[in-house]
Protein chains: 2
Amino acid sequence: MSDIDELLSIRAAELYYEEDKTQDEIGTILRLTRWKVGRLLAQAKANGFIRIEIVHPRARRLGLERALREKTGLTDAIVVSTAGLVDETDLHKRTALAAADYLTALRPVPRTLGISWGRTLHDISVQLKPGWASGVDVVQINGGVSLNARPGTAAATAVNIAQKGGGQFTLLPSPAILERVETKHAIATDRSVTAVLEMGSAASAYLFSAGQADAGSAHVDSGYLTVDQIDELVRKGAVGDIVGRFIDSAGQIVDPALNERTFGIPLEHLRRATTAIAVIAGPRKHAIARSVVLSRLCTVLITDEDTAAALLQTP
Amino acid sequence: MSDIDELLSIRAAELYYEEDKTQDEIGTILRLTRWKVGRLLAQAKANGFIRIEIVHPRARRLGLERALREKTGLTDAIVVSTAGLVDETDLHKRTALAAADYLTALRPVPRTLGISWGRTLHDISVQLKPGWASGVDVVQINGGVSLNARPGTAAATAVNIAQKGGGQFTLLPSPAILERVETKHAIATDRSVTAVLEMGSAASAYLFSAGQADAGSAHVDSGYLTVDQIDELVRKGAVGDIVGRFIDSAGQIVDPALNERTFGIPLEHLRRATTAIAVIAGPRKHAIARSVVLSRLCTVLITDEDTAAALLQTP
DNA sequence: CTAGCAGCTGCTCATATGAGCAAGATCGCC
DNA sequence: GGCGATCTTGCTCATATGAGCAGCTGCTAG
């Protein structure tokens, strides 16, 4: 396109989009026929000079959602827009809202919902409206007794989701990671615990988040792991954790010994699930999101547009 | 509007603007009539959820231009968009480009153009296309022999503009500010100098920029003033300088003694001019831009959208 | 209970816009 | 300088959209 046409297309776009003039009026102003104006506007669009953003906490990026579904084979993908975002808290809120909306609209309504815990799940439990479902039972799928930070939040999350959804809740009475493998095995044989794990393994849908493998990991806050231990995991290839288990970029368990001491349903149950909803958003979670999606740990991904775009880059 | 309608309007907007669906198709998807869809889209627009930006170096903000003209009585206002801007250099380039475009399209074509000097004017001289006019003579309106930094740029600017415009150039052979008032008067009586000043005073149009009053002032770089002297001027109320003369927020000379030693046409000549084009852009120039416009030192303002918005805030 | 009213809905009709096509302009290539 | 190839232009016609209006719904105040 000639330079003069490019300039004209910008002038036309200003009059069309900012001043709400018709193409005919623009033609009169710029001394062009209205067809020429139409073509200039089409060029401006084609050249990417016109950027249209939907600025709203509930705005989604349908194009990215479609691209994700097609490229990765996900059943569903929800991508929240980052337009007009002020800070990362805002991003978390939007993602949680999208997850709550998705859960509310999910059909068939799950009989039993297996959930993990953490900041993301807590946010979702807050965003869910009372009465979002009627009779959805909630069961924890990984150990959730926090060692030092905000005790009880893991339990509160499950309770909240269940109560707002008019169902029962079942907690997994165990830490996320045990010191000694013998303790793990001892607990795992307790009848009250195996019943919960069986219930979790038979859940009709799963809802979980993921943590990145760095000093900001929730495992560090909760006191289960030290920063040094995380560093060691990263050296072994860890990109993050999912329901408490650290995986590499291929979705494989990084440290079998640690995994053995980790309490919760095995990752294979997620891989076999009909509905496994992963909610993973934020700039530090690109790697773990990619791993979860590519290794088919989820059937549904709820994320932000930057993470989605990163996911679409290489695979 | 109800909450549910708001959500629907966002879903409709996504389908309309991102997926290029017709309102009728959206109606089928969302189980609404196409008229309802049209109304939802209108609401989304009215609520400001739809943001349309024209991303292009030449994009302007016509709405702000009109508001500026109406509120301040300027003959013309050019407001360049900051959409998609990467850094401040980019902003300077866009503004200079807009000034060059404006000058090229200016009718009637000025016989003689009085110009100041500085980074902005230099940028404009670069952006002007050879042959932008035929036969426009250029004359410097304030002293421009730089003391230490990049000697000759002031002259080069004038030469460039004149040559590309097919006209003669006339330099003002004097420093911007003289040490002693006696020297100023001595120079001012020299025939070769008075001729230039007369020519400058009779110019048919003026093109000038402005400097902010802080340590980054061009006067500091050029060696005419020290940072301490600028601080002193600020204490007296200076917000910036125009053709070398420091003014306060009301457009009044701040330091009469310094003004007496400053070489160039008096500000009153700008105030009486038919066409006085001020090119002032950048976050640090909001105060001086306001002063110049409100005290009617220019008839045309070329600026960026942030400065324009700031200008429209209070007055 | 019901008259009055505000707001919403689905429609008709006028207008704005995009697709497609034939004629004209422009270009490069010899 | 001639001549086909390609690009651009102005058009017709079909479609999409917005304005305006009548009827309906639901709500409130007597």
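Keep in mind that this is a model prediction, so the values were computed, not measured.
Taking atom CG of residue A:L41 and atom C1' of nucleotide C:dG18, one finds them 12 Å apart after rounding to whole Å. To the nearest angstrom, C1' of D:dT8 lies 16 Å from CD1 of A:I4. Distance A:E19 CD to C:dA16 C1': 18 Å, rounded to the nearest Å. One atom, CG of A:L8, and another, P of D:dT9, lie 11 Å apart when rounded to the nearest Å. What separates CD of A:E25 from C1' of C:dA16 is a distance of 11 Å, to the nearest Å. Summarising the geometry, the separation between CG on A:L32 and C1' on D:dT9 is reported as 12 Å, rounded to the nearest angstrom. Rounded to whole Å, the distance from CG on A:D20 to P on D:dT17 is 16 Å. Rounded to whole angstrom, the span from the CD atom of B:Q43 across to the P atom of D:dG18 amounts to 13 Å.
Not a single donor-acceptor pair, N or O on each side, falls under 3.5 Å between the base of C:dG18 and the side chain of A:R39.
Here the side chain of B:W35 is nearest to one of C:dG10, C:dG18, D:dC11, namely C:dG10. Distance from the side chain of B:T33 is smallest to C:dG10 among D:dG10, C:dA16, C:dG10.
You'll find the side chain of B:S204 stays beyond 4.5 Å of the side chain of B:T274, heavy atoms only. In this structure, A:V279 and A:L207 have side chains that are in contact, with non-hydrogen atoms separated by less than 4.5 Å.
Between the side chains of B:E305 and B:T82, at least one donor N or O lies within less than 3.5 Å of an accepting N or O. Counted by atom type alone, A:N160 and A:T157 present zero donor-acceptor pairs between their side chains at under 3.5 Å.
Taking the nucleotide of DNA chain C with the nearest heavy atom to each of B:K36 and A:Y16, the more 5' of the two is matched to B:K36.
The phosphate of C:dT15 has neither OP1 nor OP2 within less than 4.0 Å of any side-chain N or O from A:Q23.
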